[in-house]
Amino acid sequence: MPAKPTPMTKITFEALDIDALATAEGRVAIVLSPDGKMDAAARRINKLTRGALERMVRLAASKDFADFKPGGLVSISVPANMAADAVDVVCLPRRASTEEARKAGAALAKVRGTADMLIAMGNINHMAELGFGLAMRDYGFNAHKTDATPAKGSVRIMCTKHEEAAAAAAPLMAVAEGAFFTRDLINEPANVLTTTEFADRLKAMEDIGLTVEVLDEEQLASLRMGALLCVGQGSDSPSKVVVMHWNGGTEGDAPLALVGKGVVFDTGGISLKPGAGMEDMTMDMGGAGVVSGVMRALALRKAKANVVGLVGLVENMPSGNAVRPGDVVTSMKGDTIEVINTDAEGRLVLCDVMWYAQERFKPAGMIDLATLTGAIIVGLGHENAGVFSNDDDLCNAFLKSAQTEHEGAWRMPLGKAYDDQLKSRIADMKNVGGRPAGSITAAQFLKRFVKDGTPWIHLDIAGVASVKSDTMLAPKGATGWGVAALNRLVADKFESK
Ligand code: BES
Ligand code: MN
Ligand code: ZN
């Protein structure tokens with residue numbers, strides 16, 4: 001089946017033309033400050049609707065208008081004297097925060113359906129952020145629905161300083177497009193998104209200026225990636241490592257390395273998972289999905305930074321030649337690993353890709369992302385990813401980026417006593433550390449493959465990559481968590497200005 005990317009809503013910015021409001025078809029959106037202050041567009045709507053907005057302000061305290069608070073909206077259906085089907089009244093103070101602006105954009109995306117929308121707002125803060133919220137929330141994974149999804153109408157934003165707003169929106173739309181790419185990968189079922197299909201979709205990103213290498217099993221074997229290869233050996237889909245290069249920074253500067261776990265399906269292998277809920281393991285390539293989406297965003301906005309994205313693509317299946325509990329494998333680093341549980345496969349994939357990334361690129365920093373442990377969901381739920389790091393500066397910079405983007409992230413501890421849980425009787429280490437602190441022992445395992453002097457962050461995204469209820473910027477399913485935060489980290493810490 002060919003890849004059919006979920007299209008992004010195209011949003012254009014133009015000068016305010018008050019007279020267009022009465023004749024615009026589809027939906028018209030305007031802003032009303034919680035204190036009742038109206039801009040020129042709101043005043044015109046108030047006049048056309050014979051004072052509906054004034055009445056709304058008076059009713060704002062009543063429970064029918066509970067959505068009329070910053071970032072929320074109330075709609076007026078089939079308004080008289082207008083061609084539009086509805087007027088969406090967004091509640092935003094003139095000095096809205098970025099979060100309120102994004103929330104308002106998301107609220108507009110939710111009411112819009114497929115209708116054309118004309119948004120007319122005088123001069124509120126963060127019009128570009130409102131557009132970003134709208135674009136991010138206007139997502140639905142319809143690739144496998146046979147009833148043809150109707151084409152989406154256009155979204156026009158009229159505002160003062162519309163050229164500035166359009167310029168500010170361009171890099172944000174690159175981030176949204178990256179997040180869409182991530183979500184499509186994560187939502188895709190495993191019979192479609194095989195390791196080969198995944199690699200092909202990444203290779204296609206050469207069109208937007210990335211250099212993409214695909215390493216096959218033969219190459220991985222000569223690199224001696226025994227840990228990664230043992231995970232995929234029971235599957236008919238060949239294991240692959242894909243390396244995506246973005247060299248927008250100073251030539252010769254050490255890159256930031258992003259490493260992603262790409263288990264296209266995790267049955268657990270011979271240590272088979274229980275049947276209930278196993279279908280969720282199509283999202284076990286979430287780390288690789290986020291790395292791919294970040295690389296896409298960086299290329300689209302032509303980031304002035306050197307970043308290399310590496311993903312380990314494998315499928316964890318039981319079969320006659322699958323790896324067994326008790327097997328000992330040798331990693332690229334040379335350390336031997338006793339595979340106690342074949343369901344602790346993500347760390348086996350990552351340790352070889354991380355080692356390869358450091359040997360080849362001597363990165364200025366390395367961040368790995370993985371849907372690594374169920375234990376991180378027990379600890380942090382679906383609100384925060386687990387953050388583990390050996391470097392306070394890099395870690396604090398990331399936590400700040402995540403906070404700015406409203407992507408939950410919470411630092412977790414590391415320590416020698418946890419590492420001791422990985423001692424093996426017959427090999428250098430075993431791949432599980434027992435029940436206590438499952439997410440931390442997984443991180444300790446990875447830390448053994450981080451060289452001294454490499455600033456490193458491990459992000460356990462098992463709880464945040466795909467969720468069962470809507471979030472502010474995404475419908476249920478894949479969230480795209482991390483694309484915006486990592487993009488911001490690159491912009492703030494790794495980009496030459
Ligand atoms: N892919 C899973 C972790 C996971 C669980 C991701 C739930 C998303 C939702 C991982 O490979 C796994 O199976 N981890 C085991 C580790 C254990 C065997 C030490 C787990 O968490 O149970
Ligand atoms: Mn597993
Ligand atoms: Zn897994």
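When a ligand or atom number is given, it counts from 1 through the structure's own listing order.
- Within ligand 1, the atoms closer than 4.0 Å to a non-hydrogen atom of E345 are 11 (O), numbered from 1 in the order shown.
- At least one heavy atom of I377 sits closer than 4.0 Å to an atom of ligand 1.
- A donor-acceptor contact closer than 3.5 angstrom is absent between the side chains of T267 and N316.
- Ranking the protein heavy atoms by distance from atom 7 (C) of ligand 1 puts M281 CE, 3.7 Å first.
- Heavy-atom contacts from other residues, nucleotides or ligands closer than 6.0 Å to CD of Q403 number 12 or fewer.
- Short contacts between ligand 1 and T373, defined as distances under 4.0 Å to a heavy atom of the residue, involve ligand atoms 3 (C), 21 (O).
- Distances from the Zn ion (ligand 3) under 2.8 Å pick out these protein N/O/S atoms: K261 NZ, D266 OD2, D284 OD2, E345 OE2.
- K152 NZ: more than 12 foreign heavy atoms inside a 6.0 Å radius.
- Ligand 1 places these atoms under 4.0 Å from at least one heavy atom of V432: 19 (C).
- Residues V243 and V212 fail the side-chain proximity criterion, which asks for heavy atoms closer than 4.5 Å.
- Not one N or O on the side chain of E407 forms a donor-acceptor pair closer than 3.5 Å with the backbone of W481.
- Considering only non-hydrogen protein atoms, atom 16 (C) of ligand 1 sits nearest to R347 NH2, 4.0 Å.
- Proximity of a side-chain donor or acceptor of S466 to a complementary backbone N or O of M283 within less than 3.5 Å is not detected.
- Residue I367 is tested with L256, V387, V259, V291 for a side-chain contact (heavy atoms from CB on, under 4.5 Å); the sole match is L256.
- Protein heavy atom closest to atom 18 (C) of ligand 1, with residue, atom name and distance, is N341 ND2, 3.4 Å.
- T454 contributes no side-chain N or O that, together with a main-chain N or O of V450, makes up a donor-acceptor pair within less than 3.5 Å.
- Applying the side-chain contact (heavy atoms from CB on, under 4.5 Å) test between V307 and each of L210, L258, V294, N247 identifies L258 as the sole match.
- Heavy-atom proximity to K261, at under 4.0 Å, picks out these atoms of ligand 1: 1 (N), 10 (C), 11 (O).
- Heavy atoms from other residues, nucleotides or ligands lying under 6.0 Å from CZ of R324 number 12 at most.
- The closest donor-acceptor contact from the side chain of S331 to the backbone of D352 lies at 3.5 Å or more, if one exists at all.
- Using bins of under 30°, 30° to 60° and over 60° for the plane-to-plane angle, the ring pair F449/F445 lands in the tilted bin.
- The backbone N or O of T371 sits less than 3.5 Å from a side-chain atom of K261, completing a donor-acceptor pair.
- Atom 11 (O) of ligand 1 is approached by the protein to below 4.0 angstrom, counting heavy atoms only.
- Scanning the protein for heavy atoms near atom 22 (O) of ligand 1, the closest one is G374 N, 4.6 Å.
- Protein N/O/S atoms found under 2.8 Å from the Mn ion (ligand 2), listed by chain and residue number: D266 OD2, D343 O, D343 OD1, E345 OE1.
- For the pair E197 (side chain) and T194 (backbone), a donor-acceptor distance under 3.5 Å is absent.
- Checking T9, T6, T114 one by one against D138, the side-chain hydrogen bond (donor to acceptor under 3.5 Å, both in side chains) holds for a single residue, T9.
- Considering only heavy atoms from C-beta on, L185 comes within 4.5 Å of S292 through its side chain.
- Protein heavy atom nearest atom 14 (N) of ligand 1, with residue, atom name and distance: L372 O, 3.5 Å.
- Residue D343 touches ligand 1 through backbone and side chain together, judged by heavy-atom distances below 4.0 Å.
- Ranking protein heavy atoms by distance to atom 2 (C) of ligand 1, first place goes to D266 OD2, 3.6 Å.
- In terms of protein heavy atoms, atom 17 (C) of ligand 1 is closest to A344 CB, 4.4 Å.
- The protein heavy-atom contact nearest to atom 1 (N) of ligand 1 is D284 OD1, 2.8 Å.
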